[in-house]
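Notes follow once the structure below has been shown.
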Amino acid sequence: MFLRSYQTSFIRRDHTRPPAGVMMKVDLQCVKNNTDHHTDEITAERLIIRRGKAFSLILSGECLNPDDIEMTVETGPGASEPKRTRSSFSTNPQRCSPGDRWSVKVLNRSVSSVTLSVMCPSDACVGLYSLSVRSGSCSVRCERAVTVLFNPWCEDDLVYLPNEAERQEYVMNEQGIVYKGVDEYITNMSWDFGQFEEDVVDICLKMLDLNPKCLKDAQEDYSARCNPVYISRVVSAMINSDDDNGVLMGQWGDRYIGGVVPSSWTSSVEILRRWIKYDCHPVKYGQCWVFAAVMCTVLRCLGIPCRVVTNFQSAHDTDQNLIVDEFFSDYGVRPKQNLDSVWNFHVWVEGWMRRPDLSGDSLYDGWQVLDPTPQEKSSGTYCCGPAPLKAILEGHTDVKYDVPFVYAEVNADKITWLIMANGSKKKILSDTKTVGQNISTKAVGSNSRRDISDQYKHPEGSVKERAVYDEAVKRVTDLKPSETSRPTLQMKISLDEPPLNGTDIKLKLILRSENAQELSLKMSAQVMRYTGIPAAGVWSDNTDIRLQPNTEQTLPFTVPFAAYGPKMLDNNCIKVSAISTEKNEPKETYLAEKDIVPHSPTLKISVTGTPLWDAEMIAEVVFENPLPTALKNCSITLTGSGLLKQTEKSNAVELGPGQRITLRVTFRPYRLGPRKLVANFDSSTFRDIKASLDINVRPASSPLGYLNFRK
């Protein structure tokens, strides 16, 4: 009901409301124009164009004079030519002026109609425009007639992306992959961006209208909507709700009362529709990958090429000195509170645009980091970017916007301190290599992972990387770069086998020393939030060990499921730590850490039927309990833009050992092309296990309408 009422606010297809007694009609040629402008995926019922490209329309009426047709377009309140939110232009050269930004010319004429070609400038403000037409004694005004988007196909547009395969991936692809986990065990989840669902474009424009800058000065805000730098900063701020009526409220604790657990989301569309349905009140709840995925949807919808990026071992440097301080207590565990932190992973987006605001050449053009997760304020607002990748790569930390913060996320040095019982602290480790690992995004045209770390920093440990770090530090602080020393003891924690959630985790501590040493070992395991904050201690042990010189020794140990299982819900991983102190020289302290993500059981998804438009198909999702104990509150949800009109969900049940829960859904695909079903299993023990299936929907008359699925 909401979607229907929301869409009927638009004018009928010809978008005309002629005054009584005046016969002139405007045919906006929506099907043809939207196809030419790569917007037919959104709709063919209203005109949606991309700037910098002409569109056609047909005028018909008895009073037409093709040589004297005047047109006016307007967007926003108080539209004016100085603000570039209004433009009047004519087919009569004598009525045209050099300042006209839009233009029109006659393509064809007949006795009662004329076909016109209208050119929208490549720097036009994006948004909804009214269109007024006058010819002779005829005139008509079409409200909300034209929606203008950015144009990555136009060389003169600031978001021009020259590669067609990349345009298909970063603008047109409605399905994607978000990477999570830890650097040694990267997991992925399918995400339904759904940027071409018909109501999404209007939700995105509503988001722009509700941003604080627009509420303060709408004329200035509408005028600035020609600039992707401005738009991307506004969107970054509006995805989170910290300063405004943004889309998502963040929650990083373990209480999600009145909302959805962040790991349950699989679709931006569902989130955006909830936001608009409930009077633009923030949707509960989001974490970094949810914020980023929703922002990707909005930018792609508006026409700004965008990709979701995950940085593993991501630093949160609160004072922007490019150094992250971490602390351990003298009994071997991390304190819960710390200003700086290293997240197991952090997800943001990159938008593609030129940056003439930063340099006269193309030095900072290309991918720009944008982060809607509310971490630190930028110019007084919780947003981040656009920060040029080229500035981050070369350590140009004095470039706007927020380059020092992003640089620290991918390349800060990490200093580890040991806090003693008397409150004193001593430095036990200086690490220049850990922060910023396996920076990942979905590859173009496939479901494989692409490592783009080389676009953010030079190879770790190289002379160039250290020189860039020194340059980055010099531009933002007077501190001298930290120095490292080679320890005489090497410690490493390793796994015997991949850990399965629901079973005990078997590990071993490997030690090797240049000298004979007697060590006191303190080992611990803490369940961690992905933000690097400890949620709960689950295991600890102390022991002494004597090392022989240049001899490797191994100490096996086990973290039982009974200890970690109840604490893993809503948390990302288990951090196992070992701190050793030399008995004869207590000042010498060594540290080893390992992040462990227990593997989840398998969720199975399958489809029967032929993937044709409007042909009946059946999806089946099955989960089997692998544990010797019962699972409570088990449920499955299924989503998929272009396939399912709404999210489908099973009833909650209890599963005994070896029992199955099954969700079967009958559906008819309503959009052509590559689509994706995304399933989610949730229970009181295993939270948000995902599975997905690709479906390529073909026209019903296609001779190639055979089964075409890909997991």
For Ser650 and Ile636, indicate whether the former's side chain and the latter's backbone hold a donor-acceptor pair under 3.5 Å.
-> yes

Residues forming a ring-ring contact (aromatic ring centres under 6.0 Å, His included) with Tyr170, sequence neighbours excluded | Trp367

Quick note, salt bridge (charged side-chain N to carboxylate O under 4.0 Å, His left out) partners involving residues 671-683, not counting sequence neighbours, are Glu41-Arg671, Glu41-Arg675, Glu174-Arg671, Glu174-Arg675, Glu197-Arg671, Lys676-Asp694, Asp682-Arg687

Residue pair Ile304, Met353: steps toward the side chain to side chain contact (heavy atoms under 4.5 Å, CB included) verdict | CA-CA 8 Å; Ile304 300 175; Met353 65 193 72; 4.2 Å; yes

Thr373 versus Cys288, closest heavy-atom pair with distance | OG1-CA, 3.2 Å

Looking only at heavy atoms, the pair that brings Gly436 and Asn311 closest together is CA-OD1, 3.3 Å

Only distances under 3.5 Å count here; give the side-chain donor-acceptor pairs of residues 229-240 to other protein atoms, sequence neighbours excluded, each with its distance to 0.1 Å.
| unit_1 | atom_1 | unit_2 | atom_2 | d |
| --- | --- | --- | --- | --- |
| Tyr230 | OH | Asp221 | OD1 | 2.5 |
| Ser232 | OG | Pro228 | O | 3.0 |
| Ser232 | OG | Val229 | O | 2.9 |
| Arg233 | NH1 | Ser378 | OG | 3.3 |
| Arg233 | NH1 | Gly385 | O | 2.6 |
| Arg233 | NH2 | Ser378 | OG | 3.0 |
| Ser236 | OG | Asp371 | O | 3.1 |
| Ser236 | OG | Cys384 | N | 3.2 |
| Asn240 | OD1 | Asp242 | N | 3.2 |
| Asn240 | ND2 | Ser236 | O | 3.4 |
| Asn240 | ND2 | Pro372 | O | 2.8 |
| Asn240 | ND2 | Tyr382 | O | 3.0 |

From CA spacing to verdict: side chain to side chain donor-acceptor pair (under 3.5 Å), Trp252, Tyr285 | CA-CA 9 Å; Trp252 284 267; Tyr285 293 100; over 6 Å; no

Atom CG of Asp199 and atom CG of Leu272: how far apart are they, to the nearest 0.5 Å?
-> 8.5 Å

Counterpart residues, side chain to side chain donor-acceptor pair (under 3.5 Å), relative to Gln251 (two or more places apart) | none

Cation-pi check, Lys180 to Trp289: give yes when NZ or CZ is under 6.0 Å from the six-membered ring centre and within 45° of the ring axis, no otherwise.
-> yes

Going by the side-chain contact (heavy atoms from CB on, under 4.5 Å) test, name the single residue among Thr441, Asn438, Ile177, Thr310 that passes it with Arg449.
-> Asn438

Could you walk me through whether Asp688 and Ser264 pass the side chain to side chain donor-acceptor pair (under 3.5 Å) check?
-> CA-CA 6 Å; Asp688 300 315; Ser264 295; 2.9 Å; yes

Does any donor atom in the side chain of Thr318 or Asp340 lie under 3.5 Å from an acceptor atom in the other side chain?
-> yes

Identify the residue among Val247, Ile203, Val283 that makes a side-chain contact (heavy atoms from CB on, under 4.5 Å) with Ile276.
-> Ile203

Taking the inter-plane angle between the rings of His396 and Tyr364 on a 0 to 90° scale, is it parallel (under 30°), tilted (30 to 60°) or perpendicular (over 60°)?
-> perpendicular

Just by modelled atom types, is the Asn173 backbone N or O under 3.5 Å from a matching donor or acceptor in the Gln195 side chain?
-> yes

When the aromatic ring centroids of His316 and Phe405 are compared, is their separation below 6.0 Å?
-> yes

For Met207 and Trp275, which heavy atoms make the closest approach, and how far apart are they?
-> CA-CH2, 3.7 Å

Could you walk me through whether Asp192 and Ser641 pass side chain to side chain donor-acceptor pair (under 3.5 Å), step by step?
-> CA-CA 7 Å; Asp192 177 22; Ser641 288; 2.5 Å; yes

Check the pair Met189 / Thr187 against side chain to side chain contact (heavy atoms under 4.5 Å, CB included), numbers first and verdict last.
-> CA-CA 7 Å; Met189 62 177 292; Thr187 61; over 6 Å; no

Determine which pairs satisfy salt bridge (charged side-chain N to carboxylate O under 4.0 Å, His left out) with at least one residue from residues 342-358, sequence neighbours left out, and list them in order.
-> Arg307-Glu350, Arg355-Asp357

Distance from His37 atom NE2 to Ile49 atom CD1, nearest 0.5 Å?
-> 5.5 Å

Those residues at least two apart in sequence (or on a different chain) that pass side chain to side chain donor-acceptor pair (under 3.5 Å) with Thr639 are Thr266

Please list, chain by chain and in numerical order, all residues satisfying ring-ring contact (aromatic ring centres under 6.0 Å, His included) with Phe623, sequence neighbours excluded.
-> Phe681

Could you walk me through whether Lys442 and Asn447 pass the side chain to side chain contact (heavy atoms under 4.5 Å, CB included) test, one step at a time?
-> CA-CA 6 Å; Lys442 178 185 176 297; Asn447 286 335; 3.5 Å; yes

Pairing residues for His281 by the ring-ring contact (aromatic ring centres under 6.0 Å, His included) criterion, not counting sequence neighbours | none

CZ-CD1 distance between Phe345 and Ile439, expressed to the nearest 0.5 angstrom = 15.0 Å

Run the side chain to side chain contact (heavy atoms under 4.5 Å, CB included) check on Phe150 and Leu299 step by step: do they pass?
-> CA-CA 10 Å; Phe150 291 104; Leu299 291 188; over 6 Å; no

Which residues pass the ring-ring contact (aromatic ring centres under 6.0 Å, His included) test with Tyr401, sequence neighbours left out?
-> none

Heavy-atom nearest pair, Thr434 first then Lys414, reads CG2-NZ, 4.0 Å

What one should report as the nearest heavy-atom pair of Gly461 and Lys433 is CA-CE, 4.0 Å

If you round to the nearest 0.5 Å, how far is SG of Cys301 from CG of Asp202?
-> 8.5 Å

In this structure, OH of Tyr469 is separated from NE2 of His458 (nearest 0.5 Å) by 15.5 Å

Ser241: what forms a side chain to side chain donor-acceptor pair (under 3.5 Å) with it, not counting sequence neighbours?
-> none

Would you call Glu164 and Arg167 a salt bridge, using N to O less than 4.0 angstrom?
-> yes

May I ask you to decide if Val269's main-chain N or O and Ser267's side chain share a donor-acceptor pair within less than 3.5 Å?
-> yes

Evaluate the criterion side chain to side chain donor-acceptor pair (under 3.5 Å) for residue pair Asp413 and Thr432; output intermediate values, then yes/no.
-> CA-CA 5 Å; Asp413 282 0; Thr432 65; 5.1 Å; no

Sequence neighbours excluded, the answer for salt bridge (Lys or Arg N to Asp or Glu O under 4.0 Å) partners of Glu166 is none

Here the pair of heavy atoms bringing Ile695 nearest to Pro611 is CG2-CB, 3.7 Å

State the CG-OG distance between Asn680 and Ser263, to the nearest 0.5 angstrom.
-> 7.5 Å

Residues in side chain to side chain donor-acceptor pair (under 3.5 Å) contact with Gln646, at least two apart in sequence or another chain = none

